[in-house]
Amino acid sequence: MRGARFEQVDVRRPDLRKPFPRRFRVRLEGQTVLALSRRAKYLLATLSSGETLLVHLGMSGSFCIHPPADGPVPPGLGELTEADPHDHVLFRMSSGAAIAYNDPRRFGVMDVLSPGALATHPVLSTLGPEPLSTGFDAAALARACAGKRTSLKAALLDQRVVAGLGNIYAGEALHRAGLSPHRRASTIATPAGAPREHARRLVSAVKQVLREAIRRTLNPASYRSSRFRVYDREGEPCRRSRCAGVIRRRTQAGRSTFFCPLCQR
DNA sequence: ATTGAGACCTGTCGGC
DNA sequence: TGCCGACAGGTCTCAA
């Protein structure tokens, strides 16, 4: 998409999690994508008009490029061979590529933000630091968790505390840090809000887990063999060396939490 | 103000 | 094979 122009935008089904913004199609058509970026789980395309296309994939959203991005675009291609009923939006780009947004569960979101709206967006503007940035450190995490009566797991899922962690990697990071997901969030900070050792371990674990996950994603071979430490491993042995624990599953705030009751305290 | 529960929507999987 | 309930990697809203 980068450097290409929206030639035609087809909204085949206008009801994702939120309705599409007014004049969605005309605000995109004719615009060139100047840059692609990301904030938390939101994908952002900067348009030549100064507006920003915002996309969230929800639980089941994905983009499919026809033809694949790694080949040249033969003339007459960029056609969709068969209509998938979950292809809700179709972008025809000036590069010849057709890009379909597919989302069976329709938990995704698409929006177009005016230049000023980026800074005032109710969700974007309240997001916490990017987990892989230097802004996410023990002091920042401790400050955000100080006084919180909720669980550590819930705090990690709160996008205002740290942006972009989801259920799987929150759980993975807690296991790596040896911290119980049920521990009260405030216990990683002193009453004054200064970081305890737990906060340092957790920050380090979050960064490691995400770096590892990205590395795996970029390498198909290791992605296939990707093995979580706790996620979806109920009843299986803990992977920490010399730990004899068995992974348990508990529902926490409506989400499944997997953890080792022995080495996570 | 913070917190947890329920809702949103569809597909898949395991058990009977 | 077929039906049914449980569950799914994310937000958002509402009520306590």
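A note on names: the letters A, B, ... follow the listed sequences, proteins ahead of strands, and every chain is numbered from 1. Quick note: numbers below take in every heavy atom, side chains included, and nothing from hydrogens, waters or symmetry partners.
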Is any side-chain nitrogen or oxygen of [X] closer than 4.0 Å to OP1 or OP2 of [N]?
X	N	value
A:R249	C:dA8	yes
A:K148	B:dT3	yes
A:S60	C:dA8	no
A:K18	C:dC12	no
A:S256	C:dC7	no
A:Y231	C:dG9	yes

Determine, using the 4.5 Å side-chain heavy-atom cutoff (strictly less than), whether A:I188 and A:F259 are members of one ILVMFWY cluster.
->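 Unlinked, A:I188 and A:F259 end up in two clusters.
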How close or far is atom [atom2] of [N] from atom [atom1] of [X], stated in whole angstroms?
X	N	atom1	atom2	answer
A:H182	B:dT3	NE2	C1'	16 Å
A:R250	B:dG4	CZ	C1'	15 Å
A:D158	C:dT11	CG	C1'	12 Å
A:R255	B:dG4	CZ	P	14 Å
A:K41	C:dG9	NZ	P	10 Å
A:D232	B:dG14	CG	P	11 Å
A:N167	C:dA8	CG	C1'	10 Å
A:I168	C:dA8	CD1	C1'	9 Å

Heavy-atom count around A:R240 CZ within 6.0 Å, excluding the residue itself: above 12?
->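 Atom CZ in A:R240 is crowded, with more than 12 foreign heavy atoms closer than 6.0 Å.
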Are there more than 12 heavy atoms of other residues, nucleotides or ligands under 6.0 Å from atom CZ of A:R196?
->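 Counting neighbours around CZ of A:R196, more than 12 heavy atoms of other residues, nucleotides or ligands fall under 6.0 Å, so yes.
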Do [X] and [Y] get their side chains close enough for a donor-acceptor pair, meaning under 3.5 Å?
X	Y	answer
A:T257	A:K153	yes
A:T32	A:R5	no
A:R176	A:Q208	yes
A:E51	A:S114	no
A:H88	A:R12	no

Determine the contact category for A:V109: base if any of its heavy atoms lies under 4.0 Å from a base atom, sugar-phosphate if only primed atoms, P, OP1 or OP2 are that close, otherwise nothing.
->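 Counting heavy atoms under 4.0 Å across all strands, no contact is made by A:V109.
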Sticking with atom P, work out how far B:dC9 lies from C:dC14, rounded to a whole angstrom.
->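 Looking at atom P only, B:dC9 and C:dC14 are 15 Å apart.
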For atom P, what is the distance between C:dC7 and B:dA5, given to the nearest Å?
->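 About 15 Å, rounded to a whole number of Å.
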For nucleotides 6-11 of chain B, 5' to 3', base contacts (B), sugar-phosphate-only contacts (S) and non-contacts (-) with protein non-hydrogen atoms under 4.0 Å give --BBBS
Of the listed nucleotides C:dG9, B:dT3, C:dT11, the one nearest the side chain of A:H56 =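 Side chain of A:H56 sits closest to C:dT11.
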From C:dC7, B:dG4, C:dT11, nucleotide with atom closest to A:Q159 side chain |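 Output: C:dT11.
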Do A:L57 and A:F63 come close enough that some side-chain heavy atom pair is under 4.5 Å?
->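 Yes - at least one pair of side-chain heavy atoms lies under 4.5 Å apart.
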Plane angle bin for A:F91 and A:F24 - parallel if under 30°, tilted between 30 and 60°, otherwise perpendicular |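 Taking A:F91 first and then A:F24, their aromatic rings sit tilted (interplane angle of 30° to 60°).
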Please, what dot-bracket string fits DNA chain C when only Watson-Crick and G-U pairs with both distances under 3.5 Å count, crossing ones use [ ] and pairs to another strand use |?
-> .|||||||.|||||||
